[in-house]
Each structure stands twice: as C-alpha cells, then as structure tokens.
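All heavy atoms count here, side chains included; hydrogens, waters and symmetry mates do not. Since the model is a prediction, treat every value here as computed from it, not as a measurement. In the text below, chain A, chain B and the rest are named by the order of the sequence lines, each starting its count at 1.
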Amino acid sequence: MQQTSNLLFLIPLLPLAGAFLNLFVWRVLAPTTGKYRQSDALTHTTAIASVLAAFGLSCYLIGVPLLEEFRAWQKLGDAAPETMGGLHQHLWTWIEVGSLKINLAFRLDTLSAVMLLVITGVGSLIHIYSVGYMHGEKRYPAFFGYLNLFTGMMLILVLGDSLPIMFIGWEGVGLCSYLLIGFWFDKTENANAGRKAFVANRVGDFAFLLGMFLLFYATGSVEFADLQEPNSIGALKEVFWGGERMGFWIALLFFIGACGKSAQIPLYVWLPDAMAGPTPVSALIHAATMVTAGVYMVVRMSFLYAHSTTAMAIVAVVGALTALFAAIMAFAQTDLKKVLAYSTVSQLGFMFVGVGVGAYTAGIFHLITHAFFKAGLFLAAGSVMHAMSGSGDIMKMGGLRKYLPRTRWSFLIYCVAIAGIVPFSGFFSKDEILAGAFGAGAEGWGPVLGKFLWATLSIAALGTAFYMFRLYFLVFGGELRCDEETKAHIHESPHSMTSPLIILAAFTCVIGAIGLPHLTGDLHLPTYLHDWLAPTVVDFKRDSLLMANGSPSIFEAHLSNGLTIGLMGIALAVGLIGIFAAKAIYGKGPSEKVAAMCETKNGKAIYDVVLNKFYVDEFYEWSIYRFFRGAANVLYQVVDRWLIDGIFINGSAWLIKKLGQGFNLFQNGQVHRYLVALVVGGAIIFFFASSPTVSFKYEQVSTNVVEFTPDFSSGTSIGGGLDAKGALISFDLDADGEPDVTKEYDPRNPMKVKWTFGGVGEYRVNMTMTDAVFNKKYSVTRTIHVKDLTEKGGAQ
Amino acid sequence: MSIFYDLTLSHFLVLAATLFAIGITGVLLRRNAIIVMMSIELMLNAANITVLAFSRGFAGQDNNAAYQGQAFALIVIAIAAAEAAVGLAIVVTVFRTRRHSDIDRLTMLKD
Amino acid sequence: MSNLPISRKCLMWLGALALGLLVVFGLEPSVALAAAEHAADSTAHTFTSKVAGDGGAGKGAAFAFWSFALCAVGGSLFVITRRNMVTAVMGMVGTFFAIAGLYLMLYASFLAVMQVLVYAGAIMVLFVFVIMILNRPVDEPWAVQGILGKAIAALGVLYLFKRLAGILWQVKDTHALVLAKDKLDVEVVLNHSDPELLKDLGVLSIRGLKHADVCKSLFAVCRDNTLNHTVADTVKNAYEFGSVEGVGYTLFSKYLFPFEAVSIVLLVAVVGAIAIARPDKNEPEGEAAKEAS
Amino acid sequence: MTGASALLPALLALPLIGAILVMLLPKEEPGLARGVSLGVSIATLALSLVILGLYDTKIASMQMVFDKEWIPGLGARFKLGIDGISIFMVLLTTFLMPIILLSSYKAVTSKVREFCALLLILEVGMLGAFLALDLFLFYVFWEIMLIPMYLLIGIWGGQKRIYASIKFVIYTMAGSLLMLVAIFYLYAQYGSVTGEYTLELSLLNRLVLPRDVQMYCFAAFALAFAIKVPLFPLHTWLPDAHVQAPTAGSVVLAGVLLKFGIYGFLRFAMPLFPYGAAELAPYMAYLAAAGIVYGAFVAFAQSDVKKLVAYSSVSHLGFCMIGIFAMNTQGIEGSIYAMISHGLTTSGLFLAIGVVYERRHTREMSEYGGIWKQMPVFAGLFLICMLGSVGLPGLSGFVGEFLTIFGMFISGGTAGEPSFWAEFMPHPMLLGAVATSGVIFGAIYLLYMFQKMMFGPLDNPKNKELKDVSWREIAVFTPLVIGIFAMGLFPKPFLQTMDPTVDQFVTRFEAKLAEPDGPAHIMGQAAVAPTPEPAQVEPHAGHNHAPGEAAH
C-alpha cells in the first residue's frame, strides 16, 4: 500500500536549488564589482523562500495525501498491514551492480512527515532569524547557501527510501555542519572545531557503512521496505558472531553511527566545540535537526533493533549515561552556548533511552519538543549575545531582563519546558520517556534495568532543571555585571530575530498536546503522535518478535493510571526542586558559596574535573590525536624514509654501487687477469656440472597396473651434456636384466609406461637411459610397491 | 690395444682438445704478444680439427653435410689470417710507441 | 749441426718427420691407403675408412695418426716454451704441417693444402717478418708477474682439459653405425635386386670397384629416392670426398655469401693492418720513447 | 574488420602526428605550440567521444578490434581493441590531456615546444597501452610511457628532479623486466603446447599453466603492476616523483599512469594466471588494506601539500586494489569507478596545488593559511575536489569507495549465497572493515590539509597579495568539477557500460580457475581427462554450482 507522488523530490530539491542559486548562480550573474558581492536581500529572499516553499509543500503532502492514506489505514483496524507505504517517488537508479541495486527514491511516511515538519518549520524560522543575526556579515551568501544546503541534505536524510540514500544526507549534513561550524575560520579554534565535528562524525559513518554492508550481507538488500520482509527478518535472527545475532551486530554498528551524529558517549566531544559556529547554526544543526538524525535513524530501523534486545539495552544505557554525564558537565560551564550544548547532549541521551527501551513514540516526541525549545534557547542565546556584543560569558551578564524583555520571556518559557514543568511540552515528552524507562522490560534484561534507567534519567532531569535555571538566573536575574562599553550597546534584537523566538515559544507551550500521557479507562487521553507513528515504527506484537512461547520478547509498559500519575508527580517534583535550588544559589548572580566551595581542596578537584568535562577531550587528544600524529610521523620517518626508502631502495642502490666498486678491482686492464678469471670460471662451472642423474615416478592406476614416468627434474645440469630429447629409455620391469620396454624420449610429450604386474607385492624396477650423443647409459633401480587397491577403495 | 689401432672420432677430438689446452696455456703463461698470438692461432687450429672431425663423423652418407664443415673450416682459416695480419700490425704499432710488446704492461684500456 | 741446442734439434727432427709423413701419406693418400689395406682386417669398419667394405685404414692409418699427433703436440709445446721466438715459430710450422696431415686423414685434402699454404706458408712468414722487424727475438718464457694466478689458471686449464677430454672421448660417431647398417641393407639389396638392372645401369663397370661397394652406393641412391644423382655420381662422391671440386661447389653455391663476406674481411684486414702499422708522423718519436721507459 | 576499427589506430595517430607537428613549429613561438597541442588534444578527446558513441554497451567482448601483422618472426601483432574496462581509461586519458595542457600555460615557460610534444607522446603511450591486445605491443607502449614522464620530471621538475626521475624509472623498470620474463615464458609455453608462437592476448588467455607456475608468473606480473599502482610497500617512488614533477606531470601521473597498475591486473595478470591470482589474492588484499591505512597515516605526517596528496593516492589506490581482489562485479566495477574518480579528484587537487604554487612558489602548508579570504572561488573549487577525494556521497569518490569496500565485504558471498571466492579470500569482512577505516583517515588528513591552507588567520603578508583564479584556471577546473558531480549523481550509465565486460571477466576467471592442475594446456583440453573418481576432483568443486549464480 503505497502511493506515488511526483512532488516529493521537490521537498529536498527546493532548498538545494536555493543553495545552488546563492552559492553559484547569483555570484556569476551579480555585477562583479568588487568581490563578487551580491545583494543581501536577494540572498536571504532566495534562501527563505526556498525553505518556506519546502515547508508549504510538506504541509500539503502530509495534510492531504498522506493523511488520507493514514486515515484509510486506521480504518482497517486490526486488518491493517503492519506498515504503511506512504508516498513514494522513484527518481532514478543510482547504483546498480550485480545484486546491489540502489534507487534514488524518496518515501514520505508518518515518521518522516514528523521530521519534515520539524526541519522545514523550525528551519524556516531559523532562516528568518539569521537575516537579523548575520546582518553585515561579509560572506552572507555563503552562509545562507550552506544553510539551505544543510536543509536540503537533512531532507534527503529523512526522506531517503534506502540506507545509502539516507547516507547521502547523513554525510551531507556532516559536511554542512563542518562548513558552518568553521564559518568564521579566521580563528583556528573554529576551524578546528569544524574538523573535529567532521572527523567524529566520520567515525560514526565508518560504523554506519559497515552496518550497511553487513545488512546487505545478511539480507541482500538495503531498502527499508525490503528489509522488513520476513526473509530479511529471518536472516537478522541468525547467530552471526560471538554468540550474538546478526541483528545485534548490525544494530550495534548503526548505533555507533548514531553516536557520532547525535553526540552520544563516547563520540559526543565534538558538539560542545561545535558552538564555535554562528548561533543560528547551533540552533538548526546542533539542536533541532542534525543531531537528532541518530534518534531518527534508530526509530527508522526500529524493526532491526527490536530483534536484538541486547542492542536495545546498549542504546538505552549509553543514552542514560550520556544524559547524566552531560548534565553534570553543564553545571560548570560559563559559556552560554556551551551550557546549551551540554544540555543538548543530555537531552539527546533522553531520546536514546526512549528509543532504547522501545518507547519510540516517546523518543520522537521528545525530539519534536526538544527541537522547538532547544532551537528557541539557542536563538534566544544568540539574541543575548547579539546584545552583549558577541560575548557569551554568563559570568559577565545578569539583569538582562530589563533590556531584552521579549528574549527574556521566551527564554523563560523554554527553560520551564526543558525543566519539565507542567503544562509545557518538555514535561510531557520527558515524562513519557521516564515512564517508558520505568516500565521497560525485554527478554534477557533482568528486572532492574528499567528502574536503573529511570533513576538515572530522573537525576539527569534534576540536573537539567538546575543548570537551565542557573543559566537563566545568571543571564537575566541579578544585576548586570558587564563593562560599560558593552553595556552601552545592549539593545533588544530586531523583530526578524525576536519573532521566531516568540513563535517557537508559542509552539513550546502547546506542542505537548500531541503526546499526552497514556492513561487508561475513563482517564484516557488522545495520543495523536503515538497513533500517527504506529504504521511506521515496529509493533512488538509482530509474529517475528514473538518468542517460542508466544509472548513478545519486548513488552511495552502497561502502567496503571496511579503509577503513571505518580511518576508524573515525581518528574514534576524533580523539575521544581532543580528550579528552586538554582534560584536559591544563583538567584542573585554568581554564587559566592559555590565559588568558595570550589576553592576548597576537594571541591576544587571536583570542580576542575567537571569544568574540564571529565578530561575526556584531553583523553582523546592524547589517546587518539597524539597517537595518530605520532604514529603518522613514526610511519613516515621510520618506515617510509628509513626502512623502505633508506634500506630497501637506496640500500640496494648502495649495494650495487659497492659491488661495482668491488668488481672494478678486477678490471685492471691486464689481459692475463681476465683470462685467468675466464679459465677459473669455466673450471668452476664444469666442477659443479655433475653428471646427470635419472629417476622415475610411478603411480598405480588400477589393480596390478602401474604407470611409470621418467623424471629428470633433479640432476640434469649444465655441462652434463644431457638433453633428454632423443634419448632411449628402457625399463626392465621383471628383473631379468633385459629391457622390457624401450622408447625414445620426447620432453614435450612425457612418456608413460604401463605395466601389469603379477599381483600385490614389491618389485625391483630398473630404468636405463641411453644418451643420444654419447651413447652413455644412466641407470636407476628402485623398489616399487604394488598395493591392493580394492581394499583401499572399500575403506573410502 | 685396439685404442691405438681402431681410430675413432674421439681420437681426433681429444687431440684437438689437447692442442687447445696447450694454446690456452700459452696465452696464459707468456707475456710476449707475438707468442700469445701464436697460441691463439693454435687454438683456432684445434677448433678447426674439431670441426672437420665432426663433419666427417656425423656426415654419414650425405657428403653435402660434410662439405659444410669443410667450408666452415676454410672460412675460419681466412678469418685467422685476417686476425693475424691486423693483430701483428697492432703489435708493431705498440712496439713502435712503447718499445715493448709485453701485454702485462699494456693496460691502457683501464685508464 | 751438433752445436745446435737440443731443442732446436728436436724441432728439426719433428719438422722433418711431419714433412716426411705428409709426403708419404698426404700428397697421395690413395697410396697410403692402399698400403694400409693389406695390413687391415677387411671387415673392420673404422673411422678413417671411406665406404663400407673397402677395408679402410688399418694399422697404417693408426700409425699415421699417432705420428701426426706427436708432431702437433710436440710442436705446440715448443711454441709455448721457447725463449727464442724464432724457435717458437718453427715449432708452430711443424704443428701446422702435422695438422695438415690430420686433415688429410679426415678426407679434407683441399683443406690440408690450404693449411700448408696459408698457415705454414703465409701466416708463419708474417710472424717471422714481424719478429725480425721488432728485432727482439728473445723473450722470457714465463710471465713472472702474477705467477700465482697463472698457476691457478693452469690448474684450471688442466681440469677443464680433463673434463672436456672425458666428454669428447665418449662421443660416438654415427659413421660407424651407418656403416654397420649399410652392410645389412646391402645384403638386402643384393638379394632382391635384379642383377640385369644393375648391369643396365653400368654399375659393375665403374673404375673396377668391388661389387659390394657398388651395391652400397646403389643402396644410397635407392634410399634417397632421388634419382637425380646417377649411380656414378654417388660413387664419385664417395671417393672424391674432400676434393677441391666438392669444397668449391659447396663454397660457391651454398656458402657464397659467407665466402664473399670473408673476402671483404680480408680486404679490410689488409687495409687496416697497413693503416695501423704505418708510422704516425704526427707523433714525436721522443714521447713514445719516454712512455716506454 | 569494419570501418570503426580504424578509429583506434587513428586515436593513437592523432596525438603522434600532433607531437611531430609541434616539434616542427618555430621555437620562438611558444604560444603556437601550446595552441596546436591543445587543439590536437581536444581533437583526440572528440575522437574518443566518437568512439564512446559507437561503443555498444551491451557487448562484453572487445570492440572495434584493429588487427595487423607487426613482427611476424616473434608472433607479435599490432592488435588494438576496446571494451568496458578500457573505454573509461581511454576517456580519462583524453579527457585529462587538454586540461593538463591548458593548466600549464603559465607554469611552463621554458622549452614549451618540447613540453607539449612530450605530453602528446605520453598520451600516445598511455592510449596505446590501454588499447593494446598483444602482450608485446602492450609492453612496448608501457615502456614508451616511461620516457616522456622521465623527461617531464627530469627537465621541468623541482629541486631534486634528477633523483626523483631516476628513482621513478628504475622502480618501474625493475618491476617490468620480471614481467617481460614472464611474458616470454608464457610465449614459449604457448608455443610448445600448440606449436604456434604468438603474443596475442586472446590466444594466450586460453593457455592454462600448471598452478605453481601460475603463481610465479602472477608474482612477476604483479610486481610490475604493484609498483605502478603503487601498492604498499612499493610506493616510495610516488611521493618523490609527484613532488618533483611539474603540475602537468603530477596530474598525468596521478590521473592516468597509476591506473595502469590496476588495469594491468585486470587485463593481463588475473585473466592469464587465475590460480596464481587466487592464491596470492589475500596477500595482495592485505597489502592493499595496509596501504589504505598506511597511506593515510603517512599523508597526515606531511608538511608538503603535494606529498600529502601523493600519499593520499597510495591510500586511494589501495581501495582499487581491494576492489579487484574482491573478484565480484561490485568490487571490480567499483575499482574501475574509483580509478576514474581518483583521476578526476586527485588531478583536481594537484591542479589546485599548481595554482597556488604558481603564485607563491612553495608547497609548505605552513606558508599558507586563510587564503579562502583571498581566493574564494579557488577555495570552492578546491573544496569540491577535496570532498570528492574524501568520498562524500553524491560526489564521485564515494561510489567507487563504496563499491570496492562493498565488493570486498561480500566477496565471500552473502549469507545465503556463498561465493567461489570464499576459499581464497579468508577474511573478506575484516579486510572490508579495515578498508572502511580509510573513510575516517581520509577525512582526517585531507581536512587537515584544507584547513591548513584555506582556514585560519591570513597572517602571512605574502598571501595577502594572492589573486583569485583566472578564467583560464576556472576553465581548467570546470570540466573536473562537472565530472565529479556527474559521476557522483549518475553512476549508472558508467556502471552499465562496464557491466557486461566485468561480468564476463568474472565468469571467465572462474572458469579458468576451475581448470585442472597439470602440465600447460589449452583451456578445456587438459592432458589428463578428469576421471570421475573423487580423489581427482578439484578441491573447490563443491562450489561449482555457485559460479553461474554468483556472477549475476
């Protein structure tokens, strides 16, 4: 059940076309006065129009054909197929070699629809925001071009119908991220940050590629639709290596890929550094869209993960740990955007727990809400920094509520949302993840894993509320702590920047309604998102997921209403505690108590560790970068220069030169000496030229019949004067001294002599060769064994 | 003593080898260019004996084949004459410029 | 005569011996062979016999061979051992005579003549001339320099000789095999050929040859299956093997090109020799003298 | 012989005539020599496009075969032909040559006439070697290529040009001599088996040597080709040659000459000695995988940009090697694809380096920095070439890398469908994984280079006067950039053209591999008729059912 849509390709194409126009066409067409300068208005109009058009088209396609299909699917009820095809468009066959066929095809289903709206919707807002933020930038067209390019790539990522197409987008967004992080490449740190991001992503891509290959190895396809076929699923359940299923290894590899893209332990280090890029970039790429690609991918591959509860556990545990540690690291940061970056890492951890425990809807739900409030936070932070002359040091802020009212209120809304306070969207999505984790269980997980995840996330949520409000109070609360010059320039941002903030804040308030808590009975609330995603994510009651006893290997939490509400209460309480703690400590600016605590010996140690992000960067620096550098130098200097070039290549040249010099001694011009060498050499050759020796091989071909072949492979040597050609070869096979078979030998056509012996036993066979020139006889006598072949044959 | 009476191809061949060995010994031991050249002539003659002996020994009934050996030997003689002429001319020239014909002292090629 | 050194005496005897033998056996081989025929076993097929059944050379041929061999080896030893270069040349001449004799025994009469004319005549005279021109007829017999190397080399030569001779001694000529086979076939032909046919061909009347010889020749024709040759030709071939005519025919037909090439080589050699040996007027005499010291 | 068969000799004759023509031009007018040679090379390109147009993509075997007696005494024939493997190599050569000539308008100012003529002769040699269907003819062209390259490095090269050029020649010669020995061994064997002496490839392909001999012969061929590739650890001539060569030389070297290694394996070494190839394949693949990682590491240690790119070639060609030893359609086509792509991207990188070298006369990375600001258009072009080289999906590099690694990964067959190659290639997945790691390393060193040159503060005063690329230079880059995008987005037409030939290659390889061991014989005419006894059956007979299926 799938519809064909001819418009689908326009969704990614529009932003890509915008990028092409901005990066290339306008430059060529623009009057080339000065440095290929083109008008700013043309630039951002093109960019925004293309994204808005994509947004509009997405809305149309989702709202009309897809929704119809979804309704039809829903109507079928239990009779509905497991998955819903959605809208599909096949453009052209990209690669076709042998059994590998990769179509450049797009598919819009309910999952990608959600992502589509987030990307184009939030993306449009950020494009609009950038008009004000990037005002006056010299490379204005480049910025918008990259931004459009990114949007296009991200759309390819979510719309891709097969893994390789997804991979195009996957790598493409990495590239744009690289270019945008290093947008202000004047500073080496910025360029470094971009490179770090790209390389860390590439580590993930390495695993992604391997996963793709392994998947093809197992199932023979890389298209999502094919992979869900029963045959493919069967292949995933085969044990592959280390006692684990094929599905586990593939899932693990893909998860490593997701770790790279979505900044999970151990590959999260690039994301904080990526804050070097312009703030709209942080908002779009490093909060709302690209970093969530990993979560999207896991949900997209949910049918795969569902077949390995171990892989799911790993996803969940890694997510939980990331959530916790990133939250802790956020405590000590003093840079506005860095705090937000760690917060993003932490929130992504939440999402991974969600998808790891099988609560896919919860993960996607959090992805959506997070996209809104975190993009908003970044944009607000950008607005703040814009006001503060570009500085992001929160220790030098404070009291900005007076100067930036619109920014402040929207910022507050986002903070409340992320802290998980009812009724803002963050509360619902986070609570759904927590509830999912609490009730999670699967084959082989043990009883406490779910509770452990829940507890970890609760602590992380506490931390989230705390550090977000620490941020809020340090920026907007208390008194202004900056210098006079900066103070003079403080101003509220233009409307092009604040209106996106307000729109995002509005969404943050209401978007929670699409994923209200799962309550049963009378209290049942509509769960729009869950229903919407149902035809796309895996259903744990699928036949292939049932264990031998008929029960599903993964069971969704069926918490009672009371427990659900209790958990909600705990989550809310945790948020409030965090907020009040932050208020208590940082309500009036930087806390002296904390500062004093940090001065104590233990406190300082802890503070330093947290401030330096647990020294993970340093660890990587030493273990990987330095190692790589060192190994590169050692390989180059030692192996390449010294060993291969120095010893093997130049060494052999040196050896030949020395040999030449040595032989030069013989070249003294005295004829006698040459002649002596000639004669002695000749004598040596003759000395080693021994007389030929002859032999023969034999093989028993059947009962009592043995086949003989003369063998001159050893002993025929120079000066022996023996050329076996034309020689007479005679065999004496019955030991009477007289030759029984005589033949002329032809080397081209080795002679074979067959002889039937009387029976099993040992015989003495003599072969005599008579040389054609010298009439010389060479003779060899061997004892051969005639075996009983029938006995051997019987044994076989 | 049939080895003395029954002459075979090998008799001639071994004789040629003997002469050749004497020739090569002469080239080795003597330093006078003229003697050396004579030794070389000796070696050429030894080779000629071999050629003729083989031509006789393997000719069988076909005389044309045997004439090949004889023609070849004639050519060798002619070449040897040419060689002697040029060689001796060189010896004369060398002697004229150097006042000796000691080949051990003629090491100009080395330098 | 008696005051001549012993070496010179030996040389003279050797030379005389070689020359005498040449005269006796060489210049008229048929005489020598006829003489030898009586002493030989008529059924023996030896290397030096021409055709099957003619008895070949028996003890007489063997005597000739050993005499020539002695002369050749002795003369060549003279060449390499004498201080006096004229003596050496004389030894060489003796060797060449002996070798010419050996050529005769191999039925290369034309070559034998050439050997005497070109080698013993022309080339040796050239050597003597040069020796006279240089006016330094005496030389140290042994090159003292690098005597160790030369000793090693001499040992090498000995070893080489031993191996070489060892191999050569085992070479079997097909001549003898062919002869043995011929005898068999001749009988076959005799038994199955029509005597009238033979008579028609005039075989029996040629130069008074024995019947067997004729049959053998005939057989050669039959076996060739080429009746271009007449029987007479075949028999003539057999007896005139090594003649000027035979060699000349081959040389001017099959080996015309090498022959002409050799003539050019000779021409170039003559011109070259003159060009080399001509005194260089540009070169001052003193410098050469200085260099020589 | 149809009319089309005259096209291939014409393709060789055109640049040859051009070279002679250029040498006849007056010495005082270098512009004329440049113009004429550029015109000739464009005409050659046009002719090669005509050939592409007439090429029938559905036919697997040689097309437009031109066959004339050449050296009858030796049995060598002047036989040319084109198939799905060589057509792209030919196109790559003719495509790059105008670009190279155009790019050296400013860079080469001395002995222009000779320079242009040498490049055209080089083109003749390269095209000839790609088209030759006779081993001797191939060898002759193979050696002809050496001489112009030697002179290009030796005359127009950098400081240590003599060392580099001699090293290049000796390295290559040393390898090719052993190949010559193997060629003549093969020649003699074929002669003694059939009584007919020939060096024609299609006939020699039918000869099956004993298995141990195949190993030696393959090793001899492999040495020649591995040096050319260059396969680690035989690569050390490459950095020196690249660094010292003029830009044009580097581009030819990286763009076309290196491809002869892989091409030689595909055209000669593997079809002639399949068993040798099969036995040695794992070792070659290990070396290739080692080369991928090693080249990447060593590239990272360089401070000289050109050297860095040169080592990147070692790494990239490792992918091609991995691909051909995967012995399935994906791997081999990927390998060919990667070669073409490498020809475009690395040529682009060398040209880009040439652009800045012309302006600054240094190749030290530390001398540059922040020049994006000065040269934004150049930076964009450089970026595209670099990303193509990194293997970004959508650009040309990815398809080749993807297919080669993919091919190696499944060279033992897929889970349900084992391949005959499994018994020869012990760890395909491990090798695939190691090769994939090149994806990471490639990003590390190329981005490092890009950053060092383009990003960072513009603090070197000399760089502040850099001028952006001229229209001529844009014209040089434009075809490359278009090619990189086109090959990345529309690989199917390319792959489709190769498909029949590569399929046939694999099928034939497998068929010849299955020939019984024993004295040299012609395929299908083994001296010993295979007996039905189980002891006589080939060891991999168990997979005999698979080949037909695996090939498709």
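- For the pair B:I24/C:L160, no side-chain contact is recorded, criterion being any heavy-atom separation below 4.5 Å from C-beta on.
- If you tally non-hydrogen atom pairs under 4.5 Å between each of C:V265, C:L126, C:L164 and chain B, the highest count goes to C:L126.
- In this structure, no portion of B:E83 lies under 4.5 Å from any heavy atom of chain C.
- Using a 4.5 Å cut-off between heavy atoms, C:I123 contacts chain B through its side chain alone, with no backbone atom that close.
- Contacts of C:F161 with chain B are made by side-chain atoms alone, with heavy-atom separations under 4.5 Å and no backbone atom involved.
- Put simply, of B:L19, B:V91, B:V92, the one with the most heavy-atom pairs under 4.5 Å next to chain C is B:L19.
- With a 6.0 Å radius and a threshold of 12 heavy atoms from other residues, nucleotides or ligands, C:Y159 has its OH atom above the threshold.
- Contact of C:V268 with chain B is not made at all, since no heavy-atom distance falls under 4.5 Å.
- Both the backbone and the side chain of C:V73 come within less than 4.5 Å of a heavy atom in chain B.
- Among the candidates C:A153, C:G156, C:A165, the residue making the largest number of heavy-atom pairs closer than 4.5 Å to chain B is C:A153.
- With a 4.5 Å cut-off on non-hydrogen atoms, B:I90 touches chain C through its backbone and its side chain both.
- With a 4.5 Å cut-off on side-chain heavy atoms, C:Y103 and B:N48 count as touching.
- Neither the backbone nor the side chain of C:F129 comes within contact range of chain B; no heavy atoms are under 4.5 Å apart.
- A donor-acceptor contact shorter than 3.5 Å links the side chain of C:T95 to the backbone of C:S76.
- By the 30° and 60° cut-offs, the orientation of the rings of C:Y119 relative to C:F96 is tilted.
- Remark: the backbone N or O of B:A16 is not paired with any side-chain donor or acceptor of B:T50 at under 3.5 angstrom.
- Heavy atoms closer than 4.5 Å to chain C are found in the side chain of B:L15, but not in its backbone.
- Here the side chains of B:M37 and C:F127 are in contact, with some heavy-atom distance below 4.5 Å.
- For the options B:V14, B:L88, B:I49, heavy-atom pairs under 4.5 Å to chain C are most numerous at B:L88.
- One distance of note links OG1 of C:T250 with CD of B:Q68; it measures 8.0 Å at 0.5 Å rounding.
- Here side chain to side chain donor-acceptor pair (under 3.5 Å) pairs that include residues 15-28 of chain B, with residues two or more places apart or in two chains, number zero.
- Interface remark: of the candidates B:A82, B:G23, B:S39, B:G26, B:A82 forms the most heavy-atom pairs closer than 4.5 Å to chain C.
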